[in-house]
Structures are given as C-alpha cells and as structure tokens.
Participant: 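Once you've had a glance at the structure underneath, I'll fire off some questions.
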Amino acid sequence: EKYYENLDQLRHELNQFISAEHRQQLNGYDILEVIKQLDDLRHDIDRSKHDNQTCHNCVSALNAAKLIIKTPDLLKSAAKTICKTSDEVDRVCVGTLNVMADPIVYILQNSKITVPEMCAILLKPDCMAHLGKAITPQVNWVLDLPKHKPFNPVSGSGRQQKMLHLTDVHLDLYYTPGSNSMCDEPMCCRSTSYGHNHSAGYWSEPAKDCDTPLNFIGESIKHMAESHKDIDLVIWTGDNAPHDSWNSSQQENLDHNKAMADLVKKSFDNKNIFPCIGNHEPHPFNMYVPEEVSIKTDKYLSLSWLYDTLADDYWSQWINTPTAKKTFKKGGYYSKQVTDGLKIVVLNNNVCISRNYWLAYDPVDPDGQLKWFIDELDSAETNGLYVMIITHMPLMYCYMSWANNYIRITERYDHIIVGTYLGHTHSDEIEVLYNKNTTTNETYPISHAYIGSSIASFSYLNPGYKVFTLDSTGRPLDFDIYYTNMTADNIAGKDVIPKWSSDKSLKSIYGLDSLSTDSWHKFLENIQTDDQLLKLYMDHLHRYSYDYEKYYLRKVKSIILFIIM
C-alpha cells in the first residue's frame with residue numbers, strides 16, 4: 001500500500017536526481033519500477049529464489065540499473081525518496097542505501113562478467129538455462145588439484161590438548177539495559193530503539209533481536225579463563241561487531257573489534273589464539289572488496305583499513321609471522337603451525353556468500369584464496385603435517401562454484417584434515433559435507449564441521465561455548481558444551497554473576513563410537529527416527545532456551561492454523 005500511494009509524485013521526485021541525458025536513455029523504463037525490481041532482487045537473493053521468472057527479473061533489473069544508476073550520488077541523494085517505496089523503517093532503509101551505494105554502483109558499472117552471469121552467481125547457476133545461455137567458466141569454474149602423494153606424518157608429542165571454541169560475540173557497545181528489546185528495526189536494546197515496550201535485561205536479552213553488552217562478555221571470558229586453566233589454544237571464529245548494518249562505519253567496527261581483542265588478551269594472554277573474521281567485520285557488512293579493486297580505486301573501495309589494523313595492531317601478537325601478515329592483508333586468511341605435526345589454516349570464506357555482492361564483479365576464486373588453500377594443504381601433505389581448518393561461514397551459504405571447489409579440495413586432502421570449526425548460525429550444530437558418485441549417483445559423506453555456540457543471545461538463544469579434547473594430531477576426541485540461562489541471570493540481577501552450566505562428553509550423550517565423519521553421518525540418519533536423540537540435539541542447538549522453544553512453537557502453531565484454515 002505504501003508503494004502504490006502517490007506514484008506520480010514519487011516518480012517526479014526521483015526524476016529530479018537523474019540528468020536530462022540519462023532520462024533520454026531510459027527507453028521507456030519506469031524509474032520507480034527499476035528501484036522496486038532491485039529491491040525485489042535483494043529479497044530474492046536472500047530467499048535463494050531462482051525460478052524462470054526470478055532470473056528474467058534479475059536481468060531486467062540489472063540492465064536497467066546499469067543504464068540509470070551511473071554514480072553513487074544518485075542513490076545517496078535520492079535515498080529518502082527511494083525509501084518511500086520500501087517496507088523498511090526509513091532510518092534502516094536510508095542508512096543501508098548510503099553505506100551500499102559506492103560498492104553497488106562500482107559493481108554495476110565495472111563488473112568483469114555479463115549480466116546473465118551476474119544473475120547466475122547471485123541467484124543460482126540454473127539461471128543460465130532459464131535465460132537460454134550456456135554455462136560459462138565464470139559461473140562454473142574448477143581449480144586444478146595436485147595428484148596424491150605419500151603422507152608420512154611427523155611424530156607428535158602424544159599429549160592431548162584442550163581447545164576452547166569462542167564465536168559470534170556480537171558485542172554492542174551501545175547496549176542499554178532497560179531499553180526496548182522489541183522495536184521496528186532489525187536490532188534493538190539501545191537507547192535509540194523505539195517501538196514496543198519491553199525492558200532489555202541487564203546481562204543480555206534472549207527474548208528478541210539484541211546483541212551483547214560489554215559487561216556480560218567481560219564476565220563470560222573471565223569465567224572461561226578461570227574455569228578452564230588447562231586450555232592450550234583458543235579458536236575464535238568471527239563476528240565481533242553488532243548487527244546494525246545500516247548504522248555501521250569503519251571506525252565503529254574497529255572499536256568493537258578492539259574492545260573484544262583487549263578482553264581476550266587480558267584473560268588468555270599466554271595462550272595460542274587463532275582469530276578469524278566474520279561477515280559482520282567489514283563495512284558494509286558481508287561486502288568483501290577484492291584486492292584488485294582496492295588497487296584500482298587507490299583504496300577508496302578497500303578492506304585494508306580492517307585487514308591492516310587487525311594484522312598490525314589488534315591481532316598482531318597472534319598473526320605474527322611475515323607470511324601470515326601478508327596473506328591476511330591480501331584477503332583476510334592465513335596459516336600458522338601450532339605443533340611439530342599440526343598446522344592451523346584460517347580461511348576467510350565470507351567471500352563466498354551471495355550477500356557478498358562483489359561476487360558479481362568477479363566470482364572466480366576471490367583473492368586467490370582457494371588456490372592458496374590448495375597450496376597450504378599440499379605443503380602440509382608433503383611435510384607430514386595434519387591440518388585444522390578454522391573459518392566463519394558454513395558451506396551451505398556459499399555460492400555453487402566456490403562450494404563445489406571447496407568440497408573437491410577437502411575430499412582430496414581428507415586424510416590430513418583433522419577438524420573444521422565454524423560460526424555464523426549462532427546455533428550449536430554439526431555440518432556434514434557430501435559428494436556424489438557420478439557412476440552410481442549415490443551421495444557419500446566426505447567431511448564434517450562443528451558450528452559453535454554463540455555468546456550472543458541473538459535471537460531467542462542462551463549464550464554458549466564449547467571445549468574440545470584433542471589428540472596429539474589435533475583430531476577431536478570429545479567435547480563439552482557450556483551455557484547460561486540468560487532469563488535467570490537477568491532475574492538474579494546485576495549484582496549476581498551469570499551462572500554457567502554444562503553438558504559433558506557429547507560423544508557419550510549422543511552415543512557416538514567416535515567423532516569421525518562416518519559417525520556424524522550415522523548420527524544424522526538416526527535423529528530422523530529417534531525423537532529423544534533429536535530432542536537432545538535441539539536442546540543443545542539453542543542451549544535449553546525457553547524463549548527459543550516458545551517462539552518457534554508459536555510459529556509452528558501459526559503455520560498449522562494457517563493450513564487448517
């Protein structure tokens with residue numbers, strides 16, 4: 001309804017921002033309809049729609065946008081008028097347009113691939129078939145893999161190690177206890193959060209979309225350090241900045257990352273720390289600028305402000321070799337040997353998600369990261385090293401060619417990869433990767449990954465973390481989960497430190513023979529018919545959150561009622 005009100009007036013306002021020359025080139029395009037098509041495309045990307053109509057709509061929207069939107073100033077100056085057509089809150093819509101204008105226009109006007117290829121990357125490759133086009137090497141690219149060679153592992157110490165997995169903290173330096181936790185924006189619990197009346201808890205707020213106050217993170221990390229003095233290494237898998245993407249800036253994101261780094265250094269100063277970046281670290285979030293563009297624009301469009309500051313300052317004591325610094329400054333990835341027989345490879349796989357619209361500039365192995373990954377694994381195989389992989393994004397969010405190459409790589413080197421650890425979903429989960437036998441057409445498991453519990457309660461979750469017991473090669477033998485009841489913590493008040501509980505030995509709880517990929521494959525098969533086992537897994541997924549169960553049970557009831565009606 002909002003979109004269709006006063007259409008002629010909106011068209012008139014928008015046309016004021018387009019030059020007479022460009023208006024003559026519109027060839028009958030309705031400027032208002034173009035804006036709406038772009039907004040629809042954004043939602044289609046988020047929903048992974050890729051039917052025939054969606055693919056054709058994408059081509060139409062991008063062709064028109066390339067013709068009309070020549071400079072970012074057009075989007076910025078027309079933002080308030082454009083947002084009259086949006087169902088988002090004005091502040092969110094205008095803010096998003098302002099932070100996204102520069103990269104979007106650069107991609108539109110400088111992309112190295114065709115518009116149909118852009119749609120095939122942002123949506124799905126089958127758009128090429130819908131558009132009557134053949135699949136191209138830009139849409140389906142394949143990296144060469146080295147041939148197998150003998151693997152002679154270096155003798156380890158024989159000593160087991162303990163490893164803490166910390167992820168998705170989403171610190172919010174502006175979190176305000178007592179503010180509205182239900183508001184009209186994607187993130188609430190700030191003094192500027194207007195909307196529904198609901199008090200944000202002192203320690204954090206599990207009942208809605210709120211990030212994490214500094215006081216709770218400080219107490220949590222202090223608890224981890226004091227309760228697990230036998231920890232040998234800490235893996236820290238990204239997303240330190242808050243969810244206010246429309247309101248972020250380079251300095252805001254750096255401030256949140258510095259505050260987090262200071263807390264980690266204070267509590268784990270003498271430990272091996274392996275940090276990686278998440279999709280909320282850059283500004284704009286999700287947008288990973290290729291090094292090539294950074295060079296071409298003289299760093300006007302660049303992530304050097306993030307990579308250089310982390311490598312040379314906030315994380316310098318952990319990314320502390322010349323080689324690690326060099327690759328991190330190139331694309332946010334690095335490797336480091338932990339013991340005589342174990343190397344940790346830290347990937348920046350945030351580049352692979354469809355919301356990273358820079359893929360529409362050049363989708364083929366962004367910043368050469370997967371080629372580097374192959375080289376790291378091949379070197380480890382040659383030198384008898386096992387490899388642990390740390391990154392942020394589960395593979396299910398990656399676009400097809402990147403995901404396919406990653407699967408090929410991990411299957412080729414599965415004999416040396418001892419574990420993979422992820423973040424992003426905020427849920428305690430297992431991801432099993434499968435490949436397909438082209439002869440029998442049957443799928444088979446090739447690898448698995450542990451998705452960490454978030455410290456953030458966003459959304460409807462209790463905070464959590466995991467501690468793994470590793471053998472001398474770095475392979476996990478067992479793990480424990482830790483969680484705190486945020487509702488109870490808030491009721492107890494600010495003078496009572498949050499109380500942490502635990503479920504020990506998930507291997508025993510789930511009845512696993514080992515933590516191998518085959519064991520997790522069988523586990524996933526079992527929970528399809530074993531309701532009790534599924535209930536255990538779901539309890540761990542949200543860490544026994546009453547708010548989670550209440551919210552999703554209400555959604556299920558609403559769906560059932562809708563179907564009955």
Participant: Can you tell me how far OH of Tyr333 sits from CH2 of Trp372, rounded to the nearest 0.5 angstrom?
Facilitator: 7.0 Å
Participant: Determine, stepwise, if the pair Ile417 / Thr420 fulfils side chain to side chain contact (heavy atoms under 4.5 Å, CB included).
Facilitator: CA-CA 8 Å; Ile417 297 173; Thr420 303; 4.1 Å; yes
Participant: Can you measure from NZ (Lys325) to OG1 (Thr327) and round to the nearest 0.5 angstrom?
Facilitator: 11.0 Å
Participant: Does the side chain of Glu442 pick up a donor-acceptor pair with the side chain of Asn437 at under 3.5 Å?
Facilitator: no
Participant: Does a side chain donor of either Asp168 or Ser454 reach within less than 3.5 Å of an acceptor in the other side chain?
Facilitator: no
Participant: Taking it one step at a time, do Val346 and Thr391 satisfy side chain to side chain contact (heavy atoms under 4.5 Å, CB included)?
Facilitator: CA-CA 6 Å; Val346 181; Thr391 189; over 6 Å; no
Participant: Under 3.5 Å, is there a donor on one side chain and an acceptor on the other for Ser304 and Ser302?
Facilitator: yes
Participant: Nearest 0.5 angstrom please: Leu377 CG to Arg412 CZ, how far?
Facilitator: 8.5 Å
Participant: Using distance alone, with no hydrogens and no angle criterion, decide if Tyr174 and Glu252 have a side-chain donor and acceptor under 3.5 Å apart.
Facilitator: yes
Participant: For the residue pair Gln138 and Pro363, what are the closest heavy atoms and their distance?
Facilitator: O-CG, 3.3 Å
Participant: Kindly determine whether Asn253 and His283 satisfy side-chain hydrogen bond (donor to acceptor under 3.5 Å, both in side chains), including the steps that lead there.
Facilitator: CA-CA 7 Å; Asn253 287 14; His283 168 78; 5.2 Å; no
Participant: Can you say whether the rings of His415 and Tyr413 are parallel (under 30°), tilted (30 to 60°) or perpendicular (over 60°)?
Facilitator: parallel
Participant: Please answer whether the main-chain N or O of Gln369 pairs with a side-chain N or O of Asp365 as donor and acceptor at a distance below 3.5 Å.
Facilitator: yes
Participant: Taking atom types as modelled and ignoring hydrogens, do the side chains of Asp239 and His392 form a donor-acceptor contact shorter than 3.5 angstrom?
Facilitator: yes
Participant: Flag the pair Gln109 / Ile104 as yes when at least one side-chain heavy-atom distance between them is below 4.5 Å, and no otherwise.
Facilitator: no
Participant: Test side-chain hydrogen bond (donor to acceptor under 3.5 Å, both in side chains) on Asp209 and His243; report intermediate values, then the result.
Facilitator: CA-CA 9 Å; Asp209 299 333; His243 284 89; over 6 Å; no
Participant: Under 2.5 Å between the SG atoms of Cys93 and Cys83: is that the case?
Facilitator: yes
Participant: Rounded to the nearest 0.5 Å, what separation is found between the CE atom of Met400 and the CD1 atom of Ile135?
Facilitator: 9.0 Å
Participant: At their closest point, which heavy atom of Lys436 faces which heavy atom of Tyr444, and how far apart are they?
Facilitator: C-CE2, 3.8 Å
Participant: Indicate, with yes or no, whether the SG-to-SG separation of Cys398 and Cys352 is under 2.5 Å.
Facilitator: yes
Participant: Is it true that a side-chain atom of Ser379 and a backbone atom of Asp375 form a donor plus acceptor pair closer than 3.5 Å?
Facilitator: no
Participant: Distance only, no hydrogens: is a donor on one side chain within 3.5 Å (strictly under) of an acceptor on the other, for His148 and Glu381?
Facilitator: no
Participant: Is the closest basic N to carboxylate O distance between Lys371 and Glu376 below 4.0 Å?
Facilitator: no
Participant: Kindly say whether Cys58 contributes a backbone atom to a donor-acceptor pair with the side chain of Gln37 at under 3.5 angstrom?
Facilitator: no
Participant: So that I can tick it off, tell me whether Arg190 and Asp244 are bridged by a salt bridge, with the cut-off set at under 4.0 angstrom between side-chain N and carboxylate O.
Facilitator: yes
Participant: Please name the pair of heavy atoms, one in Pro125 and one in Val139, separated by the smallest distance, quoted to 0.1 Å.
Facilitator: CB-CG1, 3.8 Å
Participant: Measure across Ile451 and Pro394 and return the closest heavy-atom pair with its distance rounded to 0.1 Å.
Facilitator: CD1-CG, 3.9 Å
Participant: Verify whether one side chain among Asn286 and Asn356 offers a donor that lies under 3.5 Å from an acceptor in the other.
Facilitator: no
Participant: Between Asp46 and Arg355, does at least one N-O distance fall below 4.0 Å, as a salt bridge requires?
Facilitator: yes
Participant: Fit a plane to each ring of Trp141 and Tyr399, take the angle between them on a 0 to 90° scale, and name the class: parallel (under 30°), tilted (30 to 60°) or perpendicular (over 60°).
Facilitator: tilted
Participant: Whether the side chain of Asn110 engages the backbone of Tyr106 through a donor-acceptor N/O pair (distance < 3.5 Å, no angle test) should be reported.
Facilitator: yes
Participant: Can you give me the closest heavy-atom contact between Glu431 and Leu422, atom names plus distance?
Facilitator: OE1-CD1, 3.5 Å
Participant: For residues Ile416 and Leu385, determine if any side-chain heavy atom of one lies less than 4.5 Å from a side-chain heavy atom of the other.
Facilitator: no
Participant: Nearest 0.5 Å, please: how far is CE in Met393 from SG in Cys276?
Facilitator: 10.0 Å
Participant: Main chain of Glu429, side chain of Ser427: is a donor-acceptor contact present, judged purely on distance under 3.5 Å?
Facilitator: no
Participant: Identify the heavy atoms of Pro282 and Tyr288 that sit nearest to each other, and give their distance.
Facilitator: CD-OH, 3.3 Å
Participant: Salt bridge or not for Asp39 and Arg42, using N-O below 4.0 Å?
Facilitator: yes
Participant: Could you go through Asn240 and Trp236, starting from their C-alpha distance and side-chain angles, then the distance that decides it, and tell me whether this counts as side-chain hydrogen bond (donor to acceptor under 3.5 Å, both in side chains)?
Facilitator: CA-CA 10 Å; Asn240 302 310; Trp236 176 16; 3.0 Å; yes
Participant: Indicate, with yes or no, whether the SG-to-SG separation of Cys55 and Cys119 is under 2.5 Å.
Facilitator: no
Participant: In terms of side-chain heavy atoms, does Glu117 have a donor or acceptor partner in Thr136 at a distance below 3.5 Å?
Facilitator: yes
Participant: Return yes when atom NZ of Lys66 has more than 12 non-hydrogen atoms of other residues, nucleotides or ligands closer than 6.0 Å, and no otherwise.
Facilitator: yes
Participant: Decide whether Tyr397 and Asn279 meet the rule of one side-chain donor and one side-chain acceptor closer than 3.5 Å.
Facilitator: no
Participant: Going by atom types alone, do Asn57 and Gln53 pair a side-chain donor with an acceptor below 3.5 Å?
Facilitator: yes
Participant: Tell me yes or no: between the side chains of His170 and Thr212, is some donor less than 3.5 Å from an acceptor?
Facilitator: no
Participant: Side chains of Tyr361 and Glu292: do they bring a donor and an acceptor to under 3.5 Å?
Facilitator: yes
Participant: Donor-acceptor pair, Glu281 side chain versus Gly278 backbone, under 3.5 Å?
Facilitator: yes
Participant: Are side-chain heavy atoms of Ser248 and Phe285 found at a separation under 4.5 Å?
Facilitator: no
Participant: Does any non-hydrogen side-chain atom of Asn63 lie less than 4.5 Å from one of Leu67?
Facilitator: no
Participant: Quick one: does any side-chain atom of Glu185 pair with a main-chain N or O of Arg91 as donor and acceptor, under 3.5 Å?
Facilitator: no
Participant: Under the side-chain hydrogen bond (donor to acceptor under 3.5 Å, both in side chains) rule, what do Tyr334 and Trp318 come out as? Steps first, then yes or no, please.
Facilitator: CA-CA 11 Å; Tyr334 67 100; Trp318 308 313; over 6 Å; no
Participant: Is a donor from one side chain sitting under 3.5 angstrom from an acceptor on the other, for Thr237 and His165?
Facilitator: yes
Participant: Given ring-ring contact (aromatic ring centres under 6.0 Å, His included), test Phe151 with Tyr386 step by step and report yes or no.
Facilitator: CA-CA 10 Å; Phe151 177 62; Tyr386 288 104; 5.3 Å; yes
Participant: Roughly how far, to the nearest 0.5 Å, is the NZ atom of Lys466 from the CE atom of Met163?
Facilitator: 9.5 Å
Participant: Ring of Tyr307, cation from Lys330 - is the NZ or CZ under 6.0 Å from the centre and inside 45° of the axis?
Facilitator: no
Participant: Is the closest basic N to carboxylate O distance between Lys76 and Asp73 below 4.0 Å?
Facilitator: no
Participant: Do the side-chain N and O atoms of Tyr434 and His521 include a donor-acceptor pair separated by under 3.5 angstrom?
Facilitator: yes
